[in-house]
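For the numbers below, each heavy atom of this structure counts, side chains included, while hydrogens, waters and symmetry mates do not.
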Amino acid sequence: MIIDRLCEEVKKYGPVCVGLDTKIEYLPEYLKDKDISDSEKLFEFNRKIIDDTLDTCACYKVQIAHYESLGLEGLKAYSETLKYIKENNKLSIGDIKRGDILSTATMYAKAHFEGEFEADFITVNPYMGEDAISPYYEYIKSKEKGLFVLMKTSNPSSSDFQDLEVKDEKLYMEVAKKIESWGEEFVGQSGYSSIGGVVGLTGAGELINIKNELKNSFFLIPGYGAQGGDPKVLKQLFKDGICAVINSSRKIITAHKNVDETETFSLCARKETLRMREDIGWEK
Ligand SMILES: O=c1ccn([C@@H]2O[C@H](COP(=O)(O)O)[C@@H](O)[C@H]2O)c(=O)[nH]1
């Protein structure tokens, strides 16, 4: 199961997930000025950050909106970034947050678990229920793929729906339990399922509530850094072992701003990743 590989990467390199939410405005000046296409610029930026963080992180999350917003040029860089991560024997999460009826979800599965946009894990939205998720199951079984399904998101308005009371419980908890039940048949040797959950670091209480209710779920945790999530809660979360990867995007990939606008900018990303790894309490 792919989740066992992710657990191994976490053991070796720590639980940081480097978020490649790359925008042209984040590029160092030398790269912005280079006489190459936008697609080549985005890929060169990502490639250098990947090269300099390989031994500091468990995986990379590539957020598709940042590439889609630039049309085909951007999607070419998205595809090349995923391929480069694979060539370097690292794991990728395609942050696509899809959710649709079965026939359409089948095509999303094909699009993001095969071919040009192939990732190891993708993020999906559970709002439409299990038939919007089940088309991914055959890829989890036969192609070593995995999902991170939204359980409790990190944004301020996540409470609009996710905190509603349903059957004497918050909706996010009902959703989290349902997601864990979908993942039961995909539990690997690590004891975790290849269907995991996305839970924001900005809601420390909810993160612990979810952890206490679920047995086999591994978490993708966004909200560190630019969104201000407090890493103190991770000590409690990790008391029986590391059960999550912690994503940081903007704080890592813009670490060079006003410091290094030259070809060595990616060393700032490395420094921030190492600092973060220490800040979240990882010890080998
Ligand atoms: O609840 C969620 C789900 C996904 N995200 C994504 O994570 C990163 C966070 O970026 P930062 O720059 O570290 O804030 C981004 O790609 C989001 O789309 C999330 O933040 N919260």
Side-chain angles (χ1 to χ4, degrees), residues 1-20 50 53-62 81-96 109 112-114 117-124 126 130 133-151 176-199 201 207 210-222 234 237-248 273 276-277 280-284:
M1 286 280 163
I2 192 78
I3 193 67
D4 299 324
R5 237 192 99 194
L6 183 56
C7 289
E8 284 308 311
E9 291 293 294
V10 168
K11 272 187 208 145
K12 258 197 209 156
Y13 303 113
V16 175
C17 169
V18 172
L20 296 169
I50 294 166
T53 53
L54 284 172
D55 61 338
T56 66
C57 68
C59 57
Y60 296 90
K61 183 171 82 60
V62 195
T81 301
L82 290 171
K83 287 179 191 157
Y84 193 69
I85 294 168
K86 196 183 180 75
E87 274 163 35
N88 280 280
N89 216 16
K90 295 292 285 186
L91 293 170
S92 62
I93 302 171
D95 190 359
I96 60 171
H112 295 279
F113 281 154
E114 288 180 30
F117 303 136
E118 180 177 354
D120 295 303
F121 291 84
I122 55 170
T123 58
V124 290
E130 192 178 12
I133 304 294
S134 58
Y136 302 103
Y137 293 173
E138 65 171 281
Y139 290 88
I140 300 176
K141 269 189 213 137
S142 64
K143 287 203 157 174
E144 284 280 308
K145 299 296 180 191
L147 300 177
F148 283 108
V149 191
L150 301 181
M151 285 182 177
K177 286 181 187 167
K178 184 61 93 180
I179 294 167
E180 173 146 295
S181 76
W182 296 338
E184 272 163 16
E185 58 177 305
F186 306 115
V187 175
Q189 287 170 344
S190 58
Y192 293 110
S193 171
S194 287
I195 297 187
V198 178
V199 185
L201 186 65
L207 181 55
I210 291 175
K211 171 65 187 161
N212 289 341
E213 283 289 333
L214 307 186
K215 283 199 314 279
N216 305 124
S217 293
F218 193 92
F219 304 108
L220 164 62
I221 303 183
L234 296 175
L237 189 78
F238 292 160
K239 69 180 181 333
D240 301 320
I242 298 186
C243 54
V245 287
I246 321 300
N247 180 81
S248 174
T273 310
M276 172 178 169
R277 198 167 68 166
I280 61 181
W282 184 68
E283 284 163 28
K284 199 160 188 175

**Prompt:** Do side-chain atoms of Ser217 reach the backbone of Gly196 as a donor and acceptor pair under 3.5 angstrom?
**Reply:** no
**Request:** Considering only NZ, NE, NH1 and NH2 on the basic side and carboxylate oxygens on the acidic side, decide whether Lys11 and Glu8 come within less than 4.0 Å.
**Result:** yes
**Message:** For a 4.5 angstrom cut-off between non-hydrogen side-chain atoms, does Leu91 reach Ile2?
**Reply:** yes
**Message:** With a 3.5 Å distance limit and no angle check, can you tell me whether Lys211 reaches the backbone of Phe219 through a side-chain donor-acceptor pair?
**Reply:** no
**Asked** Does Asn216 use its side chain to pair, donor to acceptor, with the backbone of Gly191 at less than 3.5 Å?
**Response** yes
**Prompt:** How far does CG of Asp95 sit from SG of Cys17, to the nearest 0.5 angstrom?
**Reply:** 9.0 Å
**Message:** Which label fits Phe113 and Tyr136: parallel for a plane angle under 30°, tilted from 30 to 60°, or perpendicular past 60°?
**Reply:** perpendicular
**Request:** May I ask you to decide if Tyr60's main-chain N or O and Ser92's side chain share a donor-acceptor pair within less than 3.5 Å?
**Result:** no
**Message:** With a sphere of 6.0 Å drawn around NZ of Lys178, does it hold more than 12 non-hydrogen atoms of other residues, nucleotides or ligands?
**Reply:** no
**Request:** Side-chain contact test, heavy atoms from C-beta onward, threshold under 4.5 Å: evaluate it for Ile195 versus Tyr137 and give yes or no.
**Result:** yes
**Prompt:** Does Lys61 count as lying over the ring of Phe148, i.e. NZ or CZ under 6.0 Å from the six-ring centre, within 45 degrees of the axis?
**Reply:** no
**Message:** Which residue is it: Lys145, His112, Glu144, Glu114? I am looking for the one with a side chain to side chain donor-acceptor pair (under 3.5 Å) to Tyr139.
**Reply:** Glu114
**Message:** Any salt bridge linking Glu180 with Lys215? Criterion: basic side-chain nitrogen under 4.0 Å from a carboxylate oxygen.
**Reply:** no
